[in-house]
Amino acid sequence: MDSMLTVDSGRPFHFRLQPRRLFTGVLHVAVLLVGFLISDGQAAASNNSREVQLAAAFELPQLPKVPGLPSLTGPSADWRQFDSFFTFVVKRFGDDVPANLKDSLGDAFLDSRYELTTAVAPGKGGNPVPELFINGWKRLSPIMNKAVPALPKQTASLYSSFIGAADKLALTGGSGLNLTPDALKGMARLIAPSSTADPLAYSTNVDSGLRSLLGFGAPSSIPGKQSRLDRRFLLEREAATVISFWPGRAAMAAEPAASDLNQMLPDPKDLQQYLTQVRNLLVNLSDKIATKSKLTDQYKPIYRQIVFTAAWQESCWRQYIKKGTPLASATGDLGLMQVNRNTWRGVYDLKGLGGDIEYNGNAGGEILYYYLTRHAIKKSEDKQPGGNLARATYSAYNGGPGAVARYRGVRQSPIWKKVDEAFWEKFKAVSTGNEMAVKSCYEK
């Protein structure tokens, strides 16, 4: 989520097969085709024969026939349709999954969302859907297979059909897999045959069911139109903005309204005032989240320090780059806490993330609390060699549940090593009571 570090973490990889390798590849495809044809029985043999002939003519692999699914030929589903499908499947499974597997399901979902955010970043080429499906299924498959024996017989049968179809599709692999919208809809119907909802419908609305599945509880109140800072509101409040900076006004008070901060920028001449007000906001929201979630006193100080440091790392305590325009990265990270619009779609209101500093700060605070308690503390990161709860929390915040140990060198690339070390340097200052060192961001 670090907006101050622009990373191109992948380039399209092209290769050319030599004739001998091509022959070997075609032979391999032929073996796979035989397997698929045998497993699918003798149905529609004439259609299969025509497709084999057509595939052979163009030296292309024949797509697998999956019982219960429409044809896999035609235009591919786009990444939004796939994201909607995967979310639909996870939510549906979440209604049936045993309680002891819910946390694992949430982790699989979030890791897949983090991957999607990277896959659709500007500059990425090609269709990301096949790889997203295969990697998402690698995460989801062990959980679903483990859950099936504990489910009622009829429900288990539905998931067994889904597992069989997904396994068969995953065998195709890579660019050979073409997931059409109809195929995804067919997959969704395998586990929700009576559902009338469109599993590919893409919505940015807050989804209380998704929040509940992930353990975030009831959604925060969504800011009104004014706190979203649309142009009409900015025009109406321009005079009030000027007054708020006048010496002696209430804007100088220790407890500012978030609406005042929604009108402020870190201007050099008012920088101390601005940073003091943001600090107060972060204190208030971290205390509120800790109290609401019943965080034990032992962890309250470090939680507040993590919130201070993450906001510093992500945005230098900024919500806006100019009035009404939120700080935003090329990958969709928004505002004070750089909460990503794709990763957290359905969990938070996207307009609130971009248009209200308090809502954005509260979202980031909830996510940090989630990773601190459900991952860093639960996995005893402070007891690992070189372990640290704050660093583990931020690694997960930045890279997803699977990155919780990244700061210790677990699957850590040089790029992320730099990010994790930058957080650590800031945290050391914050933990000594020097969170206002964030001011260094603005010193040239």
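Position 1 is the first residue of the sequence; numbering continues from there.
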Residue pairs fulfilling ring-ring contact (aromatic ring centres under 6.0 Å, His included) with at least one residue in residues 371-392, sequence neighbours excluded: Tyr370-His375, Tyr371-His375
Identify the two heavy atoms, one from [X] and one from [Y], that lie closest to each other, and give their separation to 0.1 Å.
X	Y	result
Tyr320	Gly354	CE2-O, 3.7 Å
Ala311	Leu282	CB-CD1, 4.0 Å
Ala405	Glu381	CB-OE2, 3.9 Å

Ring-face cation of Arg211 near Tyr348 (centre distance under 6.0 Å, axis angle within 45°): yes
Cation over ring face, Arg345 and Tyr202, 6.0 Å, 45°: yes
With Ala310 via side-chain contact (heavy atoms from CB on, under 4.5 Å) - residues at least two apart: Met337, Leu368, Tyr394
Check: Thr117 main-chain N/O paired with Asn342 side-chain donor or acceptor under 3.5 Å: no
Side-chain donor or acceptor of Tyr303 paired with backbone N/O of Leu295 under 3.5 Å: no
Side-chain polar contacts of residues 191-198 - donor-acceptor pairs under 3.5 angstrom, sequence neighbours left out - could you list them?
{"residue": "Ser195", "atom": "OG", "partner": "Ala197", "partner atom": "N", "Å": "3.2"}
{"residue": "Asp198", "atom": "OD1", "partner": "Leu200", "partner atom": "N", "Å": "3.0"}

Beyond-backbone contact of Phe86 with Arg113, side-chain heavy atoms, under 4.5 angstrom: no
Presence of salt bridge, Arg92 and Asp96, under 4.0 angstrom: yes
Under-4.0 Å salt bridge between Arg304 and Asp287: yes
